[in-house]
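Below: one structure, written as structure tokens.
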Amino acid sequence: MKQKAYAAAGVDIDLGNRVKATLPQLLASTHRREVLGKVGGFGGLFALDVKKYREPILVSSVDGVGTKLKLAFTLDKHDTIGADLVNHCVNDIAVLGAEPLFFLDYLGTGKLEPHVFTDIIKGFARACAENNCALIGGETAQMPGFYQKGEYDVSGTIVGVVEKSKMLNGQKTIRRGDVVIGIESSGLHTNGYSLGRKIFFEQLKLKPSSRVPGLKGTIGEELLKEHISYGPLVQKLLKKFNGKDGVSPSQKQKPGSATRQPSQNIVKAFAHITGGGFVDNIPRVLSKSLDVVIKKGSWDMLPIFKIIEAKSGVPDEELYQVFNMGIGMVSIVSAEKAKDVLKFIRAQKHKAWIIGEVVKGKGEARVV
């Protein structure tokens, strides 16, 4: 049969349709009862159960994976990229106390490779299922001549919901003397890869298959470790320490008395440590009259960051702004309950440490 003109030009619609036909089976694990219709329509449908909330606030975020994709291309390993993207987006809305509802993806490539497409979607589906988030739609674009051979780009959009009274607002609730708890990352997550690749593959002359003392696997395997989702942990922390009405169970008042303000919460705020590190992300939840001081050496730094610190020649000041340095999420909590919160986080099988404190200042974060 003669090849169709569009396929000859590089866009095989029939191949795309055959590959997409496998989506219902791949996405079955992400189904939530609120999802209406099927994937493949012009728009995804989600019926929010408004009866569960007094004042529901929708929270959305969009992101990509960045140049971490270069490692996936080189190693021809694509099953973690989708999970990276979902987990990053989940974390971005979790800092407001929001739980994820649904996720949509975009994949752009020069030539659609079925096994690559399937692996990426499997990663999306696995992470969505783990976060109780429905994958309700997406877009796959074949754009010959636009991407290098074997390359693609992905982005994702997430929508979540939070009860207005429970929404975290560190700018109003954080107080001088509050404690900063750092929760361990798995590695670089999805930030700093342009500098990381330059350090390892240009400056140190390593290959993705190289083994480096201190690392269990190859440098490529280490750099492809999945971005951790802290969403389920955040929800557990808020339920445990902030109570049903946005205040700590121990701080609820008797009927008829004045209502406690959200500032009485034990868990005041979270900051997702992504591009910009501590110094650019933590100030996003601070008022202009307070600073956060992060203390170097207060956590067990992952080996990958020890290597970067020792071998890169990059000043610490920049390293702590580019990379997460082993801390993927921070929580700012009341000092008197900090040990209880820390104990609870560790019981959920996350490594965590008290890494800093809130002091008088001008809305900045610094590492000392």
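Here the structure is a predicted model, which means the values were calculated and not measured. Throughout, numbering of the chain's residues begins at 1 and tracks the sequence.
- A salt bridge does not link K296 with E309: every distance from a Lys NZ or Arg NE/NH1/NH2 to an Asp or Glu carboxylate oxygen is 4.0 Å or more.
- With values rounded to the nearest 0.5 angstrom, W299 atom CH2 is found 13.5 Å from I183 atom CD1.
- Residues meeting the side chain to side chain donor-acceptor pair (under 3.5 Å) test with S185, sequence neighbours left out: N324.
- With a 4.5 Å cut-off between side-chain heavy atoms of Ile, Leu, Val, Met, Phe, Trp and Tyr, the cluster of L45 takes in L36.
- Every pair passing ring-ring contact (aromatic ring centres under 6.0 Å, His included) that includes a residue from residues 165-192 is listed here, sequence neighbours excluded: H189-H227.
- Of the residues V330, V285, L96, L238, the one that meets the side-chain contact (heavy atoms from CB on, under 4.5 Å) test with F270 is L238.
- Between M329 atom CE and N281 atom CG the span is 10.0 Å, to the nearest 0.5 Å.
- The CD atom of E130 sits 12.0 Å away from atom OG1 of T30, with the distance rounded to the nearest 0.5 Å.
- N91 contributes a side-chain N or O that, together with a main-chain N or O of I228, makes up a donor-acceptor pair within less than 3.5 Å.
- From R175, atom CZ reaches atom OG of S287 across 8.0 Å, with rounding to the nearest 0.5 Å.
- Distance check: I181 CD1 to S298 OG gives 11.5 Å after rounding to the nearest 0.5 Å.
- Under the ring pair (Phe, Tyr, Trp, His ring centres under 6.0 Å) criterion, Y152 pairs with F73, H78, sequence neighbours left out.
- Checked against ring pair (Phe, Tyr, Trp, His ring centres under 6.0 Å), F323 has no partners two or more places apart in sequence or in another chain.
- Listed by chain and number, the residues in a side chain to side chain contact (heavy atoms under 4.5 Å, CB included) with N132 are R32 (sequence neighbours excluded).
- Think of L104 as one node in a network of Ile, Leu, Val, Met, Phe, Trp and Tyr side chains linked at under 4.5 Å; its network also takes in V35, F46, L48, V50, Y53, L58, L101, F102, I136, V159, V161.
- The shortest distance between side-chain heavy atoms of T157 and Y106 does not fall below 4.5 Å.
- Atom NE2 of H272 sits about 9.5 Å away from atom SG of C89, to the nearest 0.5 Å.
- Here the shortest heavy-atom pairing between N131 and S229 reads OD1-OG, 2.6 Å.
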Only distances under 3.5 Å count here; give the side-chain donor-acceptor pairs of residues 344-365 to other protein atoms, sequence neighbours excluded, each with its distance to 0.1 Å.
unit_1, atom_1, unit_2, atom_2, d
R346, NE, A352, O, 3.0
R346, NH2, A352, O, 2.8
Q348, OE1, K236, NZ, 3.3

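- P208 meets the side chain to side chain contact (heavy atoms under 4.5 Å, CB included) test with T74, L75, F201; sequence neighbours excluded.
- Applying the salt bridge (Lys or Arg N to Asp or Glu O under 4.0 Å) rule to pairs touching residues 59-79 yields K68-D84, K70-E151, K77-D79, sequence neighbours excluded.
- Taking the side chain to side chain contact (heavy atoms under 4.5 Å, CB included) definition, one finds that P303 meets it with L215, sequence neighbours left out.
- Within a 6.0 Å radius of CZ in R197, other residues, nucleotides and ligands contribute more than 12 heavy atoms.
- For D105, the side chain to side chain contact (heavy atoms under 4.5 Å, CB included) partners two or more places apart in sequence, or in a different chain, are F103, I121, F124, L135.
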